[in-house]
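Comments concern the structure below.
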Protein chains: 2
Amino acid sequence: MAKIETIRHSLSHVMAHAVQELFPGVRFGIGPAIENGFYYDFGFPREALTPDALPKIEKKMKELIKKNISFKKRRLSKQEINKIFKKQPYKRELMKKLPKGKLTFYESGNFIDLCQGPHVKSTKEINPNAFKITKIAGAYWKGNEKNPMLTRIYGIAFKTKKELDNHVFKLKEAEKRDHRILGQKLKLFYSDEEVGAGLHIWYPNGAILIKIIQDYMYKELTSQGYQWLVSPHIGKLELWKKSGHWDFYRENMYSPMKVEKEQYILKPMNCPFHVKIYQSEIRSYKELPIKYAEFGTVYRYEKSGTLHGLTRVRGFTQDDAHVWCTQDQLAEEVIKLLKHSLKILRAFGFKEFDIYLSTRPIKYVGTKKGWEKATNALKYVLKKEGLKHYLDKGGGSFYGPKIDIKIKDSLGREWQCTTIQVDFNLPERFDMSYINKKGKKKRPYMIHRALLGSFERFIGVLLENWAGNLPLWLAPEQIWVIPVGSQHRKYAKEVAKKLLSDNFRCKLKDENETVSKKIRNGELKKIPYLLVVGDKEMKTKSVRPRYKGKDLGKIKLTGFIKKAKIEIDKKK
Amino acid sequence: MAKIETIRHSLSHVMAHAVQELFPGVRFGIGPAIENGFYYDFGFPREALTPDALPKIEKKMKELIKKNISFKKRRLSKQEINKIFKKQPYKRELMKKLPKGKLTFYESGNFIDLCQGPHVKSTKEINPNAFKITKIAGAYWKGNEKNPMLTRIYGIAFKTKKELDNHVFKLKEAEKRDHRILGQKLKLFYSDEEVGAGLHIWYPNGAILIKIIQDYMYKELTSQGYQWLVSPHIGKLELWKKSGHWDFYRENMYSPMKVEKEQYILKPMNCPFHVKIYQSEIRSYKELPIKYAEFGTVYRYEKSGTLHGLTRVRGFTQDDAHVWCTQDQLAEEVIKLLKHSLKILRAFGFKEFDIYLSTRPIKYVGTKKGWEKATNALKYVLKKEGLKHYLDKGGGSFYGPKIDIKIKDSLGREWQCTTIQVDFNLPERFDMSYINKKGKKKRPYMIHRALLGSFERFIGVLLENWAGNLPLWLAPEQIWVIPVGSQHRKYAKEVAKKLLSDNFRCKLKDENETVSKKIRNGELKKIPYLLVVGDKEMKTKSVRPRYKGKDLGKIKLTGFIKKAKIEIDKKK
């Protein structure tokens with residue numbers, strides 16, 4: 001049976017065929033297979049296509065598939081080409097760029113396309129119940145905004161209906177979990193054309209969420225011997241020249257600001273500042289490893305077209321740290337980092353991870369020997385810890401090999417989080433050193449690492465993973481106390497006061513609204529516990545919690561507090 | 001008796017007279033009275049003056065004073081002037097700029113100077129024991145770096161020797177308390193030409209100090225109903241145009257950065273972002289007052305010549321907040337702000353405050369009526385709270401009246417901290433509104449306020465006030481545990497562990513160094529408590545604390561902990 005990519009590619013031809021039948025005079029762009037499906041770009045002769053035409057196209061495709069149309073590879077004469085593509089300017093443009101006399105075409109029924117293939121032998125190989133036309137979008141011809149805008153029709157396709165259904169389910173789930181929508185609905189973060197694309201202002205509940213995560217990380221990292229630094233958001237251009245960022249990373253940096261005779265750069269990374277503090281004293285081997293951490297907000301240029309919610313932004317705060325150690329300490333430090341990272345990611349509810357080891361690329365700094373030693377240390381660590389990993393040969397940064405941890409969310413989607421990178425560049429450029437046991441100057445090993453990556457991105461991933469239903473310890477508002485009637489307000493207030501004194505983030509909801517409306521609102525806001533209190537609860541010093549839409553029944557307030565505390569402590 | 005300013009001015013002439021006697025051929029610049037003293041600028045004929053000449057000058061001045069030389073106001077003929085100032089190019093340059101025929105001179109002995117006076121009648125009025133020549137510095141003629149560099153000699157002068165001694169004592173104290181020196185000595189913050197002037201990187205202990213203060217402020221502000229926001233450090237130029245900053249505050253802003261077709265500005269203030277969040281919903285009177293707080297790091301351009309340690313910087317983090325309320329709520333909100341501010345400043349150990357009320361300047365926005373109402377509310381509040389204040393008539397910002405609190409430190413020096421400012425500008429420019437009880441759109445009152453001012457500046461003031469000996473709750477390292485011998489290490493470790501578990505910031509000092517060296521180091525680092533533990537302490541589960549150089553004697557560990565906790569809680 002044909003490969004799924006081949007089936008997807010053939011489906012794009014079938015779609016073009018169907019469109020040709022339904023919309024005579026349509027002009028064809030290109031139509032490749034893509035992840036999970038395919039698309040084709042069309043120039044419609046008169047009006048633009050509207051989404052309600054999609055079922056018609058899908059229906060026509062099914063008809064064509066059932067006809068068992070065969071795909072034939074052909075070489076055409078110049079005369080034939082000119083005839084077929086007379087009214088196809090995009091195809092003619094494509095052909096001009098190709099070497100003459102070597103053009104391959106695929107013919108399926110009365111549709112013919114300039115195409116290298118491969119394709120299915122016949123539409124028999126395509127399961128007519130395992131594909132779906134999903135959406136249309138505008139796309140400039142050749143991706144260039146100076147060219148005409150074509151209509152791109154997307155489809156998804158699999159080998160079996162089950163796979164298709166599963167994918168459709170995931171898409172729907174992903175849509176429900178879209179952190180950009182959840183961020184607005186739960187009032188976590190705000191973005192605005194007037195503030196700037198890729199920059200977010202955090203609402204009060206978002207600011208609390210950041211603080212919860214940062215407080216947790218602060219405690220965790222401090223317990224691991226990290227020391228904290230605070231560095232400015234700008235620094236002189238000279239510093240970024242010395243660090244190499246200006247030469248190797250400029251496309252991600254913002255343009256310099258003039259200050260008197262100097263030029264300043266908005267920081268894309270925190271490293272040079274941390275290096276400066278390392279260098280503010282002569283360091284001895286006794287001090288190593290030195291670990292400096294900072295929740296450093298950095299700014300990196302991204303094309304506006306690539307920006308996406310919190311996962312692709314222009315300004316973000318890293319849980320950044322740098323570790324300097326001796327060669328002997330390298331493996332041990334990386335083990336600690338890996339273990340700690342997995343512990344932390346698990347605390348946020350992630351259970352599956354894909355680990356990647358990336359090795360020396362063609363262009364690199366440092367010595368081959370140094371790379372070998374460091375790469376071997378990373379390999380040794382992964383083996384020793386029994387961590388399965390993928391080898392990304394040549395995929396390291398120019399400055400050193402690295403280990404990346406991608407987390408898999410509840411829909412099986414991968415998200416890049418932890419990165420642990422050896423750096424041969426900065427120690428060299430800043431001539432960093434420590435004095436070893438024998439009193440000799442030595443170059444330390446330097447590790448960059450972020451465990452979560454950035455708080456923005458990580459919160460995006462958390463929201464998608466949990467569909468907004470954050471675990472109790474992370475929820476900005478953990479508990480609402482809802483009195484049934486006005487006669488229960490006093491008791492509700494007592495309950496709220498007790499919960500607040502026990503450090504729960506709790507709100508008393510005593511507005512003049514019906515209980516059911518309050519419950520509905522609480523569920524929309526994804527508040528973990530809604531505690532309803534009426535006569536029975538008041539009499540018995542109890543509460544009646546609702547949890548994710550379920551009434552858990554009456555429970556003593558003290559009992560509820562105990563259970564909630566256990567739920568929070570579970571993460572540790 | 002003459003005014004002290006007159007005495008100081010006359011002393012500058014006496015100094016010039018003395019220099020003329022000691023260094024024939026010296027050229028005279030200008031010599032005014034200044035705060036606490038006077039100076040005179042000289043052009044020395046051959047070699048530059050060195051500080052060891054100062055006592056000689058002072059001695060000569062005392063001799064001159066004792067001669068009871070009288071100061072005579074004179075008008076000189078052109079011939080006389082030309083003769084006297086033949087070799088005085090600076091004086092001749094000054095005269096050229098003055099209207100002809102109206103020049104006044106003062107003659108004292110054989111020294112004569114172009115001068116408006118007034119002066120003492122005779123040096124009899126000058127107390128020869130109440131002045132002191134203090135230092136020399138380079139100063140460009142007329143402050144212009146294209147002109148020759150002159151030598152400026154400074155003196156201080158008072159009416160009595162007691163006042164002079166008191167001032168000299170304060171100067172010495174201030175020198176010991178210089179936060180720039182303490183910041184390096186205690187390893188709190190670091191500045192570096194390569195990073196940029198007026199920008200600081202905080203060492204680990206500095207970062208802890210910031211965190212201690214921020215954690216305290218977070219708790220305090222949250223308890224007062226503030227909600228927290230997090231906003232980016234850059235925003236589109238359009239936003240700053242709309243807010244008026246680009247027109248009215250541009251000289252303090254950095255140049256724009258180009259991002260695709262847009263221009264972005266490093267934020268000098270957080271306000272526009274907070275306004276955006278206010279405006280992200282329709283607001284009802286029921287929600288007011290709305291209070292948004294942020295520890296927002298802002299960047300403002302300052303001339304490099306005016307930068308000074310942490311108190312005049314280019315980047316700093318404000319304890320910023322904005323309050324929006326109805327007119328009826330204004331007075332109450334300002335009372336809350338004032339009370340809260342004083343409570344907080346007292347927690348940091350400040351006891352004396354000067355309060356200023358600044359009213360409508362000539363250029364202002366908003367209506368006269370609005371200003372009147374707001375100013376009256378501020379006056380009412382100060383009166384109601386029985387807070388003595390100075391009136392700074394016309395000293396308000398263009399956008400609204402304000403109350404400032406300056407704290408007096410232990411040397412009686414004033415430092416601007418709290419500012420509470422009504423703003424008529426932003427609500428107008430952003431067309432801010434709330435819906436009142438009658439369902440009508442109304443403009444809210446807006447208050448900007450920072451209680452500490454900025455963390456950088458406030459830490460500078462704290463260090464100067466406490467001469468680096470921070471109160472226990474603020475000290476980044478609170479306690480060192482020092483074992484007398486190696487046989488006490490185990491016990492010392494236990495003590496340290498207990499203290500850590502009680503949330504003290506504590507270090508075990510078990511390096512191979514003498515106890516006395518550790519104590520000396522601890523005192524240099526201004527660690528509040530050095531706990532020495534030897535045989536006796538080990539046997540009785542005790543410690544022997546040293547506090548500010550004093551041995552407090554043996555005390556049970558539990559007793560010490562109790563006392564230390566009380567010391568920390570005192571601030572509340």
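Chain naming here is simple, since letters A, B, ... match the order of the sequence lines and numbering starts at 1 in each.
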| Side chain, backbone, both or neither: which part of B/L237 has a non-hydrogen atom closer than 4.5 Å to chain A? | neither

| remark: What one should report as the nearest heavy-atom pair of A/I201 and B/P232 is CG1-CD, 4.1 Å

| Which answer fits B/Y292, side chain, backbone, both or neither, if we ask what part of it has an atom under 4.5 Å from a heavy atom of chain A? | side chain

| field | Interface moiety of B/Q279 toward chain A, non-hydrogen atoms closer than 4.5 Å | value | neither

| field | B/H233 portion near chain A, given a 4.5 angstrom heavy-atom threshold | value | both

| query | So what's closer than 4.5 Å to chain B heavy atoms on A/E281: side chain, backbone, both or neither? | reply | side chain

| request: Measure A/Y299 against the heavy atoms of chain B and call it side chain, backbone, both or neither at under 4.5 Å. | output: side chain

| Within 45° of the axis and under 6.0 Å from the centre of the six-membered ring of B/Y218, does NZ or CZ of A/K211 qualify? | yes

| remark: Heavy atoms of B/E260 and A/E302 approach each other most closely as OE2-O, 4.1 Å

| task | Side chain from CB out, backbone as N, CA, C, O: work out which of these in B/K187 comes under 4.5 Å of a heavy atom of chain A, or both, or neither. | result | side chain

| request: Could you pull out the closest heavy-atom pair between A/L239 and B/E194, with the gap in Å? | output: CB-O, 3.5 Å

| Minimum side-chain heavy-atom gap A/L199-B/Y264 below 4.5 Å | yes

| For the candidates B/Y301, B/F189, B/Y226, B/W240, which exhibits the highest count of non-hydrogen atom pairs separated by less than 4.5 Å from chain A? | B/Y301

| query | Given that the side chain runs from C-beta out, which part of B/S304 has a heavy atom under 4.5 Å from chain A: side chain, backbone, both or neither? | reply | both

| message | Is A/Y203 close to chain B through its backbone or its side chain, or both, or neither, when contacts mean heavy atoms under 4.5 Å? | response | both

| field | Proximity breakdown for B/F273 and chain A, heavy-atom pairs closer than 4.5 Å | value | both

| Where on B/F316 is there a heavy atom nearer than 4.5 Å to chain A: the side chain, the backbone, both, or neither? | neither

